[in-house]
Amino acid sequence: MPEGIVQEQVTAAIADAVAEAKRKGLLHSSSPPVCTVEFPKREEWGDLSSSVAMTIAKMEKRPPREVADLLAKQLEESCPFVDQVEVAPPGFLNLTLRRDFWFSVLHEIESKGETYGHSELVRGKRVLLEYVSANPTGPLHIGHGRGAALGDAMARVLRAVGYSVEREFYINDAGRQMNLLAASVYARYQEYHGSAVSFPEDGYQGAYIRTVAEHIAHTVGTQLLDLPLSEALEQCKVMACEELLEAIKQDLLSFGVGFDSWYPETRLFSSGTIRETLETLKQRDLVFEKDGALWFRSSRFQDEKDRVVCKQDGDYTYLASDIAYHHDKLKRDFDQLINIWGADHHGYVPRMQGVMQAFGYSKDRLQVVLVQMVSLLRGGRKVEMSKRAGEFVTLREVVDEVGADAAKFFFLMRRPDSHLEFDLELAKKQSAENPVYYVQYAHARLASLFRVAQNRGILVPPAGDANLTVLVQPEEFRLIKHLSSFPGLVEGCARALEPHRLTFYLQELAGHLHAFYYKHRVLPSREEGTTGPELDLGGMNADRGGVRAQESPSHELTTARLVLLRQVQTVIRNGLTLLGVTAPEQM
RNA sequence: GCGCCCGUAGCUCAGUUGGAUAGAGCAUCAGCCUUCUAAGCUGAGGGUCGCAGGUUCAAUUCCUGCCGGGCGCGCCA
């Protein structure tokens, strides 16, 4: 599955071998099998392995071993870059490639540069990616932070494989929650002016409500006290919403998460879109009246029952807004809609996919990524939060404490659908225990190396001008092979909507880099006036842990290693960029 | 009660859509700095992949039933 320049060619070679075997009458099955290659679990099993023989054997009803043998023979005869093929039971093909074939990876990275990892998996398909979409009733909390980091990374990953992505924030500025906000703010406003009032039940308790109320008081003085209640509340709502939305935008800005468009729910009301959309559905009998209310016939699709869209009191439900909003998205001509939601909304997915069907699309037109909860830890202890009392840790607090890079990386270290434990102390640690520092340090370490090289007048030539064949160490090949699988990894992230795979990939790549870097020298030892002989004792020291090779590499080897490391640095940077994390030159 | 998600090393979690002797990071233990960043490296111990069946050459992965944890089943959002 790791598609890259090497993997692609090997996959094609296997497919050719299968076709050739058919021509010779050795194989018969009509449907061509999917020829996949993967890195074997053990290095002694070769460079790449494939299980195609087993799949074919099934179709042909023949022993896997037999099929594997004939494909192995075919590959060894006709494929120029395959050095050797071993067949391992029950029918694996273990391929060893010509060493120099791997160097094509380095040329590839150099020529692609910051687009290495990008592809044209889907060409120009349009995606609307909706995430965060918080109520403007308070600051973003860490749960929003996870959604924000995920959405931002997902947008980057999808763009990398060819999607045209629009990132949208749906502003939930209508409905009961906003009325509650208005009532809370108005109560604080009255308090500020000395009136003793009872605070609304279920009102927003947070201290920020007082701040907002004070700002309003400073702006309009006592004016609101003289207005009819409904008018005063309306004004509180508008002003509070504006201020809190602005704060949300600022929080996202300092977190480094961007949007292309902001879509207010209130627009759906004022423009009459909701009424029109429901009317359309009513004509198709997908919306109907019962018990003095309007219902969406979602049971027609995969929902367990029908749902109210317009209440007996005449107010629309949130579902009505969402139907209109998603109809609008569809009208904007996107090929795919993707929403990132908190996992507690999972029951809502079937009815929204029903909305897709109601408008004549497949339910898969809408994909929903569910994000699980975040628990904050401080030194291994859980930080208790109570939303009810308005005590929750905000995204801003976390970003201020650990930095945007660490916060994003930590949010992206787990599968979306799995609970996340976020250890604040760990995220701040400046050591190898902290994954984000470990990866960023790998990048900075290389940057530093290139600076030293430059100061000594050592140039890094284009890959084409270096003699790469002097790269023979296992640590060097581990790096090259890992680099080769990057494009396939990005594709996998896009297909599965799982950017977290990148964090694992980068930790592995950084690990290979640090291991190489510790064991092998790149630049010649400074003390030696002349370039000493190649004394690479790496292999000989293998049995003594932690002993560095006292090598002083030849000019040729220095050059080749610098070329290799240049590409490692590029891939680390590209990977971090896809996560929205910076790749520092210095730490 | 019904539905969805999760259950993998002491802890937190990966496992590329069914492949080989199940991995990583913490934590524990034992080592490594005259050197290009030790913000780093090497090694060791640690497993009934929740349990029981089924599907097949092959199951952590797919199916069924249990057990345990989380969430959802509003004319709330």
Side-chain angles (χ1 to χ4, degrees), chain A residues 1-2 36 38-42 45 49 51 54-55 57-58 63-65 88-92 94 135 137 172 174-178 291-295 304-305 307-313 315-319 321-322 342-350 370 372-373 377 380 413-415 417-421 423 426 429-435 437-438 440-442 444-453 456 485 488-489 491-493 495-496 498 500-501 503-504 507-508 511 514-515 517-519 521-527 541-542 544-548 550 552 558 586-587:
Chain A
M1 174 71 185
T36 56
E38 57 187 8
F39 289 123
K41 286 186 182 171
R42 294 161 170 263
W45 292 342
S49 74
S51 59
M54 271 115 75
T55 331
K58 187 163 198 163
R65 177 79 204 218
F92 287 100
N94 288 338
N135 277 322
T137 54
N172 276 287
R176 200 180 106 83
Q177 299 305 317
M178 292 305 292
D291 303 333
L294 270 186
W295 299 69
E304 42 200 21
K305 55 183 174 186
R307 310 285 174 176
V308 170
V309 289
C310 187
K311 301 186 270 184
Q312 285 176 338
D313 63 11
D315 284 349
Y316 292 120
T317 64
Y318 58 93
L319 180 59
S321 301
D322 276 337
D344 53 343
H345 288 64
H346 66 79
Y348 198 53
V349 176
L370 298 170
Q372 277 289 359
M373 286 178 40
L377 302 181
M413 282 200 302
R414 301 284 175 253
R415 249 173 41 223
D417 201 1
S418 140
H419 285 245
L420 171 71
E421 296 209 341
D423 194 321
L426 179 61
K429 255 189 199 155
Q430 306 202 346
S431 73
E433 298 157 58
N434 180 352
Y437 274 85
Y438 186 77
Q440 286 186 314
Y441 174 54
R445 203 176 201 188
L446 291 176
S448 164
L449 173 70
F450 294 130
R451 281 194 297 272
V452 173
R456 293 207 214 159
S485 66
L489 179 96
E491 281 192 19
C493 289
R495 260 190 241 274
E498 291 183 349
H500 75 275
R501 296 180 189 184
T503 63
F504 287 87
Q507 288 179 79
E508 283 165 15
H514 289 309
Y517 198 85
Y518 182 83
K519 191 163 171 185
R521 280 199 67 85
V522 177
L523 305 178
S525 297
R526 202 147 199 190
E527 294 72 32
N541 284 335
R544 291 197 54 198
V547 175
R548 288 193 206 221
Q550 300 292 308
S552 181
T558 291
Q586 238 173 357
M587 288 174 78

Apply side-chain contact (heavy atoms from CB on, under 4.5 Å) to A:M373 and list each qualifying residue two or more places apart in sequence or on a separate chain.
A:H419

Could you check whether A:E433 gets within reach of a base, just the sugar-phosphate, or nothing at all, counting any heavy atom under 4.0 Å?
sugar-phosphate

Can you sort out the partners of A:R65 under salt bridge (charged side-chain N to carboxylate O under 4.0 Å, His left out), two or more places apart, ordered by chain and number?
A:D69

When every nucleotide of nucleotides 72-77 of chain B is labelled 5' to 3' by its protein contacts under 4.0 Å (heavy atoms), B for base, S for sugar-phosphate only, - for none, what sequence of letters results?
SSSBSB

For A:H514, the side-chain contact (heavy atoms from CB on, under 4.5 Å) test, sequence neighbours excluded, returns A:Y438, A:Y441, A:A442, A:R445, A:A510

Indicate whether OP1 or OP2 belonging to B:C41 is found under 4.0 Å from a side-chain N or O atom of A:Y438.
yes

With hydrogens left out and only the distance checked, is there a donor-acceptor pair under 3.5 Å joining A:S51's side chain and the base of B:A20?
no

Whichever of A:Q507 and A:W45 has its nearest RNA chain B nucleotide further upstream toward 5':
A:W45

Which whole number of Å gives the distance between the C1' atom of B:C49 and that of B:A9?
11 Å

My understanding is that only residues two or more places apart in sequence, or in another chain, count here; which of them pass salt bridge (charged side-chain N to carboxylate O under 4.0 Å, His left out) with A:E421?
none

Considering residues at least two apart in sequence or located in another chain, which fulfil the side-chain contact (heavy atoms from CB on, under 4.5 Å) criterion with A:S51?
A:M54, A:F92

Hey, where does RNA chain B pair up into stems, meaning at least three consecutive Watson-Crick or G-U pairs with distances under 3.5 Å?
B:1-7 with B:67-73, B:10-13 with B:23-26, B:28-32 with B:40-44, B:50-54 with B:62-66

Using a 4.0 Å heavy-atom cut-off across all strands, classify A:A88 as base, sugar-phosphate, or nothing.
base

Which value, in whole Å, describes the distance between the C1' atoms of nucleotides B:U61 and B:G25?
23 Å

Please evaluate the base of B:U17 for a donor-acceptor partner in the side chain of A:R495 within a cut-off of under 3.5 Å?
no

Whole-Å P distance, B:A59 and B:U21:
11 Å

Please work out whether B:C33 sits syn or anti, treating a glycosidic angle within 90° of 0 as syn.
syn

Salt bridge (charged side-chain N to carboxylate O under 4.0 Å, His left out) against A:E433, all qualifying residues, sequence neighbours excluded:
A:K429

With sequence neighbours excluded, tell me which residues meet side-chain contact (heavy atoms from CB on, under 4.5 Å) with A:K41.
A:W45

Across all chains, not counting sequence neighbours, the salt bridge (charged side-chain N to carboxylate O under 4.0 Å, His left out) partners of A:R501 are A:E498

Touch check for A:S49, heavy atoms < 4.0 angstrom, all strands: base, sugar-phosphate only, or nothing?
base

Measuring only the P atom in each nucleotide, how far is B:A39 from B:A27? A whole number of Å is fine.
16 Å

Provide the closest heavy-atom pair for A:P63 versus A:A57 in the form atom of the first, atom of the second, distance.
C-CB, 4.1 Å

Tell me whether B:U17 sits syn or anti, counting syn as a glycosidic angle within 90° of 0.
syn

Let me have a per-nucleotide readout for nucleotides 57-63 of chain B, 5' to 3', with B, S or -, counting only protein heavy atoms under 4.0 Å.
-B-----

Report, one pair per line, the protein and nucleotides 8-15 of chain B atoms (nitrogen or oxygen only) whose separation is under 3.5 Å.
residue	atom	partner	partner atom	Å
B:U12	O2'	A:R414	NH2	3.0
B:C13	OP1	A:H419	O	2.8
B:C13	O2'	A:R414	NH1	3.0
B:A14	OP1	A:R415	N	2.8
B:G15	OP1	A:H500	NE2	3.4

Looking at every strand, decide which applies to A:N94 at a 4.0 Å heavy-atom threshold: base, sugar-phosphate, or nothing.
base

Is A:A453 touching bases, backbone alone, or none of the nucleic acid, heavy atoms closer than 4.0 Å?
nothing

Under 5.5 Å centre to centre and under 30° between planes: does that hold for A:F92 and the six-membered base ring of B:A20?
yes

Using atom C1' of each nucleotide, how far apart are B:G43 and B:G50 to the nearest Å?
33 Å

